[in-house]
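Written below as structure tokens is the structure these notes are about.
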Amino acid sequence: MLTWTRWIFVTWQSTLVAAAPMMFAKWASEFKAHSNQLPLFNQERSNSVGGDPNIRYYHSHWKLDAGREEALLIEATPPPCSTWNFQLYVTPSMPTTFSLRIVDGG
């Protein structure tokens with residue numbers, strides 16, 4: 001039986017499922033304003049949509065010229081903390097010659 005409380009919860013979940021992809025799609029289009037750079041994401045904006053205030057996010061967009069055989073090389077020094085991660089999303093428009101190599105210097 002669907003109670004009022006359960007209905008509100010299901011409605012909230014449905015809204016989140018529908019809104020999250022739209023929000024990230026909007027953000028992704030905004031990242032093109034600073035292609036090939038990696039600026040710190042606005043912390044207040046992140047917090048306003050449920051981001052962890054103790055986590056710093058960097059988001060961007062890269063544009064490579066396949067005709068020039070360009071490659072995206074990411075070099076990073078992990079911050080002084082107990083845990084960190086790096087996420088790279090590849091869109092369906094990326095060429096099939098995509099490869100990833102991780103070198104751990106630690």
Side-chain angles (χ1 to χ4, degrees):
M1 182 171 138
L2 187 62
T3 65
W4 178 251
T5 305
R6 178 76 177 134
W7 181 84
I8 290 173
F9 182 72
V10 169
T11 302
W12 177 81
Q13 286 179 320
S14 300
T15 301
L16 180 63
V17 167
M22 291 187 297
M23 178 184 67
F24 285 116
K26 181 180 182 306
W27 287 2
S29 67
E30 293 171 2
F31 300 154
K32 292 180 181 179
H34 48 75
S35 287
N36 300 339
Q37 300 173 36
L38 190 57
L40 179 63
F41 191 65
N42 182 296
Q43 192 65 38
E44 289 179 14
R45 188 173 188 190
S46 174
N47 294 349
S48 73
V49 293
D52 186 328
N54 297 309
I55 296 176
R56 299 298 168 254
Y57 299 93
Y58 293 81
H59 298 285
S60 200
H61 165 268
W62 276 263
K63 177 92 172 137
L64 303 177
D65 184 349
R68 293 180 50 202
E69 297 186 13
E70 292 183 320
L72 176 62
L73 173 64
I74 301 167
E75 296 181 319
T77 301
C81 58
S82 59
T83 61
W84 67 280
N85 78 29
F86 182 88
Q87 297 176 6
L88 177 65
Y89 295 97
V90 179
T91 64
S93 63
M94 293 279 297
T96 56
T97 55
F98 172 78
S99 66
L100 175 66
R101 182 173 66 175
I102 298 173
V103 179
D104 183 359

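- In this structure, His61 NE2 and Ser35 OG are separated by 4.5 Å, a value rounded to the nearest 0.5 Å.
- Under the side-chain hydrogen bond (donor to acceptor under 3.5 Å, both in side chains) criterion, Gln37 pairs with no residue at all, not counting sequence neighbours.
- By the side-chain hydrogen bond (donor to acceptor under 3.5 Å, both in side chains) test, His59 pairs with no residue at all, sequence neighbours left out.
- Rounding to the nearest 0.5 angstrom, the gap separating the CG atom in Asn42 from the OG atom in Ser48 is 8.0 Å.
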CA sep, side-chain torsions, deciding dist, call: Ile55, Trp84, side-chain contact (heavy atoms from CB on, under 4.5 Å)
CA-CA 9 Å; Ile55 296 176; Trp84 67 280; over 6 Å; no

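- Note: Leu40 CG to Arg56 CZ = 7.5 Å, rounded to the nearest 0.5 Å.
- Side-chain contact check for Tyr57 versus Asp52: some heavy-atom pair is nearer than 4.5 Å.
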Step by step, work out the side-chain contact (heavy atoms from CB on, under 4.5 Å) result for Ser60 and Trp62.
CA-CA 7 Å; Ser60 200; Trp62 276 263; 3.5 Å; yes

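- Between Phe31 and Phe41 the shortest side-chain heavy-atom distance falls below 4.5 Å.
- The shortest side-chain heavy-atom distance between Trp27 and Val49 falls under the 4.5 Å cut-off.
- Within the structure, salt bridge (Lys or Arg N to Asp or Glu O under 4.0 Å) contacts touching residues 33-50 (residues at least two apart or in different chains) are Glu30-Arg45.
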